[in-house]
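Just so it is clear, the values below take in all heavy atoms, side chains as well, and ignore hydrogens, waters and symmetry mates. Since this is a predicted model, take the numbers as computed values, not measurements.
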Amino acid sequence: MTTYAIGDLQGCHDEFVALLERLSFDPRRDRLWLAGDLVNRGPGSLACLREVAALGEAARVVLGNHDLHLLAVARGDAGLKRSDTLDAILAAPDREALLDWLQSRPLLVRGGEDVMSHAGLPPHWSLARAEALAAEVSQALGSEASGAFLRDMYGNRPACWRDDLEGIERLRLIVNTLTRMRFIDARGCLDFSAKEGLDSAPPGFAPWFQYPRGDAPRILFGHWAALEGHTPGSRVDAQALDTGCVWGGHLTALDLASGERHSVPSRQR
Ligand SMILES: Nc1ncnc2c1ncn2[C@@H]1O[C@H](COP(=O)(O)OP(=O)(O)OP(=O)(O)OP(=O)(O)OC[C@H]2O[C@@H](n3cnc4c(N)ncnc43)[C@H](O)[C@@H]2O)[C@@H](O)[C@H]1O
């Protein structure tokens with residue numbers, strides 16, 4: 001059995017199929033970890049969603065910001081954005097089953113020394129704390145009030161964690177940390193203005209993986225395509241999995257046992 005971790009698919013279905021072929025992936029034998037953002041921006045979001053859901057127990061998936069956006073559009077009254085490519089999912093005959101499956105995915109998974117969330121793990125949250133906070137969001141997504149949560153999830157405030165945060169502010173910051181984080185300051189406050197490479201850091205901010213932490217998990221994350229799979233200056237064991245398939249880069253799988261990376265080129269653009 002080989003376990004691979006793959007970054008943001010974002011509707012890159014042809015590339016996903018090609019990568020699985022390259023790996024000779026067999027769901028009866030092998031396992032996949034997917035770092036979220038299965039959908040949006042790319043052309044094959046519906047096919048990606050169907051393919052991953054059909055993998056069943058062979059795939060462990062965390063939610064990304066675009067997956068949450070899909071759920072918010074479908075179930076939280078959020079509007080589609082001009083750049084969204086979610087129409088085929090919203091019109092699909094199996095949409096409710098696919099959305100139910102997606103909505104029951106966690107924000108964080110852990111196995112052995114590995115932990116995976118879409119955006120990474122901030123240094124001021126221990127592994128146990130991050131797991132507990134991710135579970136609070138899962139509870140909201142699984143509750144009868146999930147529509148209200150998805151509607152009120154949007155926004156960049158608060159940007160700084162406090163233990164006494166409550167309600168939607170607390171849940172929003174957990175979502176934003178685990179699915180949208182890139183640059184943070186020494187207090188752990190999030191910046192939402194910079195999305196490009198490391199030289200786009202605002203004054204006083206650095207990539208989350210350049211801060212030390214008290215424990216030493218291997219942190220698997222996607223989200224930050226401009227890193228192109230690299231984490232320069234990292235002070236933790238962080239593995240960047242989003243190699244920008246939807247932006248014309250590559251789709252990459254990391255073999256969790258050997259650390260070897262396998263990539264296929266993007267067919268986008
Ligand atoms: N609580 C909440 N509040 C608000 N919104 C929420 C939310 N929860 C969920 N959302 C949703 O989040 C979604 C994204 O919002 P956006 O605001 O568009 O977020 P983003 O940071 O651009 O995210 P993305 O995941 O697309 O990042 P990527 O690195 O691929 O791309 C980022 C940039 O990197 C650039 N890039 C990619 N590859 C590059 C490369 N190789 N080199 C240089 N730049 C590159 C691209 O040009 C691009 O500009 C929205 O749909 C929103 O609704």
Side-chain angles (χ1 to χ4, degrees), residues 1-64 66-67 70 85 88-89 92 94 97-102 104-120 217-225 227-230 237-268:
M1 178 182 96
T2 309
T3 303
Y4 301 97
I6 298 181
D8 308 29
L9 300 183
Q10 297 219 249
C12 288
H13 183 254
D14 291 349
E15 295 86 341
F16 184 44
V17 170
L19 183 57
L20 295 184
E21 270 175 28
R22 167 82 65 88
L23 301 172
S24 302
F25 181 82
D26 181 345
R28 293 164 300 185
R29 180 192 64 204
D30 303 319
R31 293 293 174 265
L32 267 193
W33 288 29
L34 287 149
D37 279 3
L38 304 183
V39 301
N40 213 5
R41 298 203 197 278
S45 290
L46 175 59
C48 284
L49 205 49
R50 283 178 174 155
E51 181 113 14
V52 176
L55 288 172
E57 297 295 310
R60 301 183 77 185
V61 181
V62 293
L63 289 167
H66 287 278
D67 307 314
L70 166 63
T85 58
I89 297 174
D94 52 346
L98 292 171
L99 293 171
D100 285 348
W101 173 83
L102 190 65
S104 60
R105 296 310 97 193
L107 287 190
L108 181 147
V109 298
R110 191 175 169 184
E113 298 302 307
D114 292 313
V115 59
M116 177 176 71
S117 81
H118 181 60
R218 180 166 60 173
I219 305 168
L220 312 172
F221 71 104
H223 184 57
W224 198 342
L227 292 177
E228 299 178 336
H230 304 292
D237 186 357
Q239 295 289 328
L241 299 172
D242 184 357
T243 49
C245 190
V246 78
W247 303 104
H250 291 80
L251 189 66
T252 298
L254 173 73
D255 179 328
L256 293 189
S258 71
E260 201 179 340
R261 285 176 175 246
H262 307 265
S263 294
V264 295
S266 171
R267 299 176 188 178
Q268 312 302 313

Just verifying a value: how many Å separate [X] [atom1] and [Y] [atom2], rounded to the nearest 0.5 Å?
X: Leu99; Y: Ile89; atom1: CG; atom2: CD1; value: 7.5 Å
X: Leu32; Y: Phe16; atom1: CG; atom2: CZ; value: 5.5 Å
X: Leu108; Y: Phe221; atom1: CG; atom2: CZ; value: 14.0 Å
X: Arg31; Y: Asp26; atom1: CZ; atom2: CG; value: 9.5 Å
X: Ser45; Y: Gln10; atom1: OG; atom2: CD; value: 8.0 Å
X: Asp67; Y: Cys48; atom1: CG; atom2: SG; value: 10.5 Å

With respect to Leu220, which candidate in Leu254, Val109, Val115 satisfies the side chain to side chain contact (heavy atoms under 4.5 Å, CB included) definition? Leu254

Could you tell me whether the side chain of [X] and the main chain of [Y] form a donor-acceptor pair under 3.5 Å?
X: Thr85; Y: Gly42; answer: yes
X: Glu15; Y: Arg267; answer: yes
X: Glu228; Y: Thr243; answer: no

Are the side chains of [X] and [Y] in touch, meaning some heavy atoms are under 4.5 Å apart?
X: Tyr4; Y: Leu23; answer: yes
X: Pro265; Y: His250; answer: yes
X: Leu107; Y: Ser117; answer: no
X: Asp114; Y: Leu256; answer: yes

Polar contact flag, side-chain donor to acceptor under 3.5 angstrom, His118-Asp37: yes

Any idea which heavy atoms bring [X] and [Y] closest together, and the distance?
X: Ser24; Y: Arg29; value: O-NH2, 2.8 Å
X: Leu251; Y: Gly7; value: CD1-O, 4.3 Å
X: Trp33; Y: Gly111; value: CH2-N, 3.6 Å
X: Leu49; Y: Leu70; value: CD2-CD2, 4.1 Å
X: Leu19; Y: Ile6; value: CD2-CD1, 3.7 Å
X: Cys12; Y: Cys245; value: SG-SG, 3.1 Å

Any carboxylate oxygen within less than 4.0 angstrom of a Lys/Arg side-chain nitrogen, looking at Arg50 and Asp94? yes

If you apply the rule side-chain contact (heavy atoms from CB on, under 4.5 Å), what do you find for Val246 with Asp8, and how did you get there? CA-CA 8 Å; Val246 78; Asp8 308 29; over 6 Å; no

Could you pull out all donor-acceptor pairs under 3.5 Å where a side-chain atom in residues 51-63 meets a protein atom, sequence neighbours excluded?
| from | atom 1 | to | atom 2 | distance (Å) |
| --- | --- | --- | --- | --- |
| Glu51 | OE1 | His13 | NE2 | 2.8 |
| Arg60 | NH1 | Arg110 | O | 3.2 |
| Arg60 | NH2 | Arg110 | O | 3.3 |

Please list, chain by chain and in numerical order, all residues satisfying salt bridge (charged side-chain N to carboxylate O under 4.0 Å, His left out) with Asp237, sequence neighbours excluded. none

Does Gln268 form a side-chain contact (heavy atoms from CB on, under 4.5 Å) with Arg41? I'd like the steps, not just the answer. CA-CA 10 Å; Gln268 312 302 313; Arg41 298 203 197 278; over 6 Å; no

